[in-house]
Peer 1: 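So that we are looking at the same thing, I have put the structure below in C-alpha cells.
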Amino acid sequence: MAFSYMPGFGNDFETETLPGSLPQGRNSPQRPAYGLYAEQLSGSPFTAPHGTNERSWLYRIRPSVRHTGRFKGANYPLWKTAPNIGDHELALGQYRWSPVPMPSEPTDFISGMRTMTTAGDAVGQSGMAAHVYVANRSMVDDHFFNADGELMIVPQVGALRFVTEMGVIELRPGEIAVLPRGLVFKVELADKEARGYVCENYGAKFTMPDRGPIGANCLANPRDFKTPCAWFEEKETPCRLIVKWCGTFHVTELGHSPLDVVAWHGNYAPYKYDLATFSPVGAILFDHPDPSIFTVLTAPSGEEGTANVDFVIFPPRWLVAENTFRPPWYHRNIMSEFMGLVHGQYDAKEEGFVPGGISLHNQMLAHGPDASGFEKATRADLKPVKLDNTMAFMFETRFPQMLTRYAAELDTLQDNYIDCWADLKKRFNGTPEGDWS
C-alpha cells in the first residue's frame, strides 16, 4: 500500500479518508458524520501565542477515553529519563562507542530502546535524552505514546513504518521523523532488523531555525517536510497501549485498535524529512562558519539563541576555502554534543568513528580532529574537494549529558578513544615558520 503525504512545515493541514468525514466551518458538530467522535489533541497551552499555539482536531471511531482502561506498571529498564545522575562509576571524559549490537532475542522498537545519555529534567520539561534503538520484531498489537516529550528518530540500519493515529510514515536511513508528545503509534519493521538513534526532547518542540542573514532559502526548506495523510484501522481484537509518563511506564489492555482517526485537521502532527534535501551553505573564500549553519531543526529554550536541543547534520558538500584548515577546528563548547554516523566517513575522524557509532563531548571538554586528520588537512593540496558518501549528525544541548549505566558499561565503549589525539606534536619552536617536519 502506498501512503500519501502533505508538504510543508508547521502548516495547518486537513485530511480525510472517507468523503465528508471532516467537518467544514466548525470543529465540534453536534453529530459528526459517520458517527465519529470529535476530539482535540493539544500540543501547547490554550493561551499560547498564535505562532506557537498547536492543536489538531481528530475525528475518530472511539474517543481516546475508550483507548485506556485501568493501568498497571510496565518495566523497560534500559529506557532512562532525566534526571538520571550518578548511576555509574565512570569518570568524566570524551567518549566514543562502536555500534550497539543487534539483539538475539525478539525485540520491538520500545523494548529495544537503550538510553545513552540524559540531560535536564523531564518533569520540568527541559533537556533531552539520547537513545539508540535496536529491533528485530514489529509491534503488532502493542501501541505507545510518550507524555514526556517528542521523539526524533534517525534510522541507521533498516527501514521502519510508523503507524500513527494521524497517518503512516515510512522511514528509511537518510530520513528522520518527528513524533509529537502524546501521539499514539506502533512501529513495524520493513527489514529483518533495525538500528538507529532517537532524541527524546523534553522541552519546546522542534522548529526550523531562524536563517538570519542567510535569508529565505537553503538549509532545510519547509516544502521538504512531509506530514502523513489520514489513515485508520478498524480492528476489534485485543491490543495494548503503553504509556511513558514522568519516566515511568504503564500499560492498559484494550479490545480494539486505538489507531482509529478517520479524519483530522490542525498543525500538531507527525512529519518526516529527507536529509538529502538539506541545502548546505559555507565559506567560499577562507575559514569556515560555526557548525550552527548545519542546523536542520532546533528546540528553543527560554534563553534566546541557546537551544534546548539542536539537530545538526554534516552532509555531502564541497570544500573550497583557501589557506584554511578545512575540518572542524579544535574547540571547547558550552553545548554538549552527542554525535552519530548514519553512513560513510566523518572527515574529522576517519578511523574509529563508524556507521552506527556514537561519540560524546560534554560541556567544555576539548575535542576536534584526530592526529591523522590533522596531518592530512595541514598537508593537503587545497583544491576544491567534495565530501561525499557521508551523513553524520549531532544532538546538541545546552545541558550536560549524563551517561547511563548502560552506556558506561557497554562492551562497545572504545577505551582508547582519548589516544586519537596522542600523536599531535608540539610544532612551536620560536620561529614564525614553526616545526612542520
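All of these numbers come straight from a predicted model, not from anything done at the bench. The figures here come from the full heavy-atom set of this structure, side chains too, leaving out hydrogens, waters and symmetry mates.
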Peer 1: Give me the one residue out of Lys80, Glu200, His131 that meets side chain to side chain donor-acceptor pair (under 3.5 Å) with Thr115.
Peer 2: His131
Peer 1: Is it true that Asp435 and Arg427 make a salt bridge, defined as a side-chain N closer than 4.0 Å to a carboxylate O?
Peer 2: no
Peer 1: Establish, yes or no, whether the cationic atom of Arg137 lies under 6.0 Å from the six-membered ring centre of Phe109 and within 45° of the ring axis.
Peer 2: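 Checked: cation-pi criterion not met.
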Peer 1: With a 3.5 Å cut-off and no angle check, do the side chains of Ser42 and Glu54 form a donor-acceptor pair?
Peer 2: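 There is no such pair between these side chains.
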Peer 1: Among pairs that include at least one residue of residues 187-218, which meet ring-ring contact (aromatic ring centres under 6.0 Å, His included), considering only residues two or more places apart or in two chains?
Peer 2: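 Counting only pairs at least two positions apart or across chains, the ring-ring contact (aromatic ring centres under 6.0 Å, His included) contacts touching residues 187-218 are Tyr197-Phe393.
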Peer 1: With sequence neighbours excluded, tell me which residues meet ring-ring contact (aromatic ring centres under 6.0 Å, His included) with Tyr76.
Peer 2: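 Tyr76: ring-ring contact (aromatic ring centres under 6.0 Å, His included) contacts with Phe249.
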Peer 1: Taking His143 for the side chain and Arg240 for the main chain, is one N or O donor matched with an acceptor at less than 3.5 Å?
Peer 2: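 Pair found, side chain donor or acceptor close to backbone of Arg240.
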Peer 1: Ion pair present between Lys186 and Glu233, side-chain N to carboxylate O less than 4.0 angstrom?
Peer 2: yes
Peer 1: Is the shortest heavy-atom distance from the side chain of Phe325 to the side chain of Pro369 under 4.5 Å?
Peer 2: yes
Peer 1: Tell me yes or no: between the side chains of Asp121 and Ser126, is some donor less than 3.5 Å from an acceptor?
Peer 2: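 No, because no side-chain N or O of Asp121 sits under 3.5 Å from a partner of the opposite role on Ser126.
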Peer 1: Show, in sequence, the C-alpha distance, side-chain angles and deciding distance for Ile169 and Phe185, and conclude whether the side chain to side chain contact (heavy atoms under 4.5 Å, CB included) test is met.
Peer 2: CA-CA 10 Å; Ile169 291 177; Phe185 67 90; over 6 Å; no
Peer 1: Below 4.5 Å, heavy atoms only, C-beta onward: do Phe278 and Val296 meet side chain to side chain?
Peer 2: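 When only atoms from C-beta onward are counted, Val296 and Phe278 do touch, with a gap below 4.5 Å.
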Peer 1: Only one of Gln156, Arg195, Met391, Gln345 passes side chain to side chain contact (heavy atoms under 4.5 Å, CB included) with Pro355; say which it is.
Peer 2: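 Result: among Gln156, Arg195, Met391, Gln345, Gln156 is the only option passing the side chain to side chain contact (heavy atoms under 4.5 Å, CB included) with Pro355.
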Peer 1: Salt bridge or not for Asp87 and Arg405, using N-O below 4.0 Å?
Peer 2: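 Looking at Asp87 and Arg405, the cut-off is not met.
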Peer 1: Is the Trp421 to Tyr417 ring centre distance short of 6.0 Å?
Peer 2: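 They qualify: ring centres under 6.0 Å apart.
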Peer 1: With a 4.5 Å cut-off on side-chain heavy atoms, are Gln363 and Asn333 touching?
Peer 2: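 Answer no - side chains too far apart.
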Peer 1: Checking Asn362 side chain against Gln401 main chain: does a donor-acceptor pair fall under 3.5 Å?
Peer 2: yes
Peer 1: Answer yes or no: is there a side-chain heavy-atom contact under 4.5 Å between Ser336 and Glu396?
Peer 2: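 No, too far: nothing below the 4.5 Å cut-off.
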Peer 1: So, is the end of the Lys272 side chain (NZ or CZ) under 6.0 Å from the ring centre of Tyr5 and within 45° of the ring's axis?
Peer 2: yes
Peer 1: Do the non-hydrogen side-chain atoms of Gln94 and Ile418 ever get within less than 4.5 Å of each other?
Peer 2: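 Yes, their side chains come closer than 4.5 Å.
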Peer 1: Can we say Arg332 and Glu337 salt-bridge, meaning some charged N sits less than 4.0 Å from an Asp/Glu carboxylate O?
Peer 2: no
Peer 1: Given side chains that start at C-beta, do those of Leu179 and Phe162 come closer than 4.5 Å, heavy atoms only?
Peer 2: yes
Peer 1: Working to the nearest 0.5 Å, report the span between CG of Leu365 and CG of Leu92.
Peer 2: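 These two atoms lie 4.5 Å from each other.
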Peer 1: When you compare the side chain of Arg181 with that of Asn146, does any pair of heavy atoms fall below 4.5 Å?
Peer 2: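 The answer is no; the side chains never approach within 4.5 Å.
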Peer 1: Looking at Lys235 and Asp141, is there a salt bridge between them, counting it only when a charged N and a carboxylate O are closer than 4.0 Å?
Peer 2: yes
Peer 1: Just checking, is any N or O donor in the side chain of Asn201 or Asn308 under 3.5 Å from an acceptor N or O on the other one?
Peer 2: yes
Peer 1: Drop me the distance from Thr17's OG1 to Trp264's CH2, to the nearest 0.5 angstrom.
Peer 2: 12.5 Å
Peer 1: Would His367 and His331 count as a side chain to side chain contact (heavy atoms under 4.5 Å, CB included) here? Give the steps.
Peer 2: CA-CA 6 Å; His367 53 286; His331 69 294; 3.2 Å; yes
Peer 1: Once rounded to the nearest 0.5 Å, what's the spacing between atom CE of Met339 and atom OG of Ser359?
Peer 2: 6.0 Å
Peer 1: Using 0.5 Å steps for rounding, measure from the OG atom of Ser279 to the CG atom of Asn221.
Peer 2: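 Interatomic distance, Ser279 OG to Asn221 CG, rounded to 0.5 Å: 6.5 Å.
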Peer 1: With a 3.5 Å cut-off and no angle check, do the side chains of Glu409 and His88 form a donor-acceptor pair?
Peer 2: no
Peer 1: When rounded to the nearest 0.5 angstrom, what is the spacing between CH2 in Trp97 and CG in Leu413?
Peer 2: 6.0 Å
Peer 1: With no hydrogens and no angle check, just 3.5 Å: does a side-chain donor-acceptor pair link Thr81 and Lys244?
Peer 2: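 Thr81 vs Lys244: donor-acceptor pair found between side chains.
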Peer 1: Salt-bridged, Glu165 to Arg60, with N to O below 4.0 Å?
Peer 2: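 Answer for the salt bridge query: yes.
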Peer 1: Do His67 and Asp260 have side-chain N/O donor and acceptor atoms under 3.5 Å apart?
Peer 2: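 On atom types as modelled, these side chains qualify, holding a pair under 3.5 Å.
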Peer 1: Hey, could you give me the CG/CG distance between Leu424 and Asp370, rounded to the nearest 0.5 Å?
Peer 2: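 Result: 8.0 Å between the selected atoms.
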Peer 1: Report yes if some heavy atom in the side chain of Pro173 is under 4.5 Å from a heavy atom in the side chain of Val157; otherwise report no.
Peer 2: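 The answer is no, as the side chains (C-beta and beyond) never meet within the 4.5 Å cut-off.
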Peer 1: Quiz question: by atom type and distance under 3.5 Å, do the side chains of Thr252 and His250 form a donor-acceptor pair?
Peer 2: no
Peer 1: Under 4.0 Å between a Lys/Arg side-chain N and an Asp/Glu carboxylate O for Arg172 and Asp274?
Peer 2: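 Salt bridge: yes.
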Peer 1: Judged by atom type as modelled, is there a donor-acceptor pair below 3.5 Å linking the side chain of Asn267 to the main-chain atoms of Arg55?
Peer 2: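 Judged by distance alone, yes, a pair lies under 3.5 Å.
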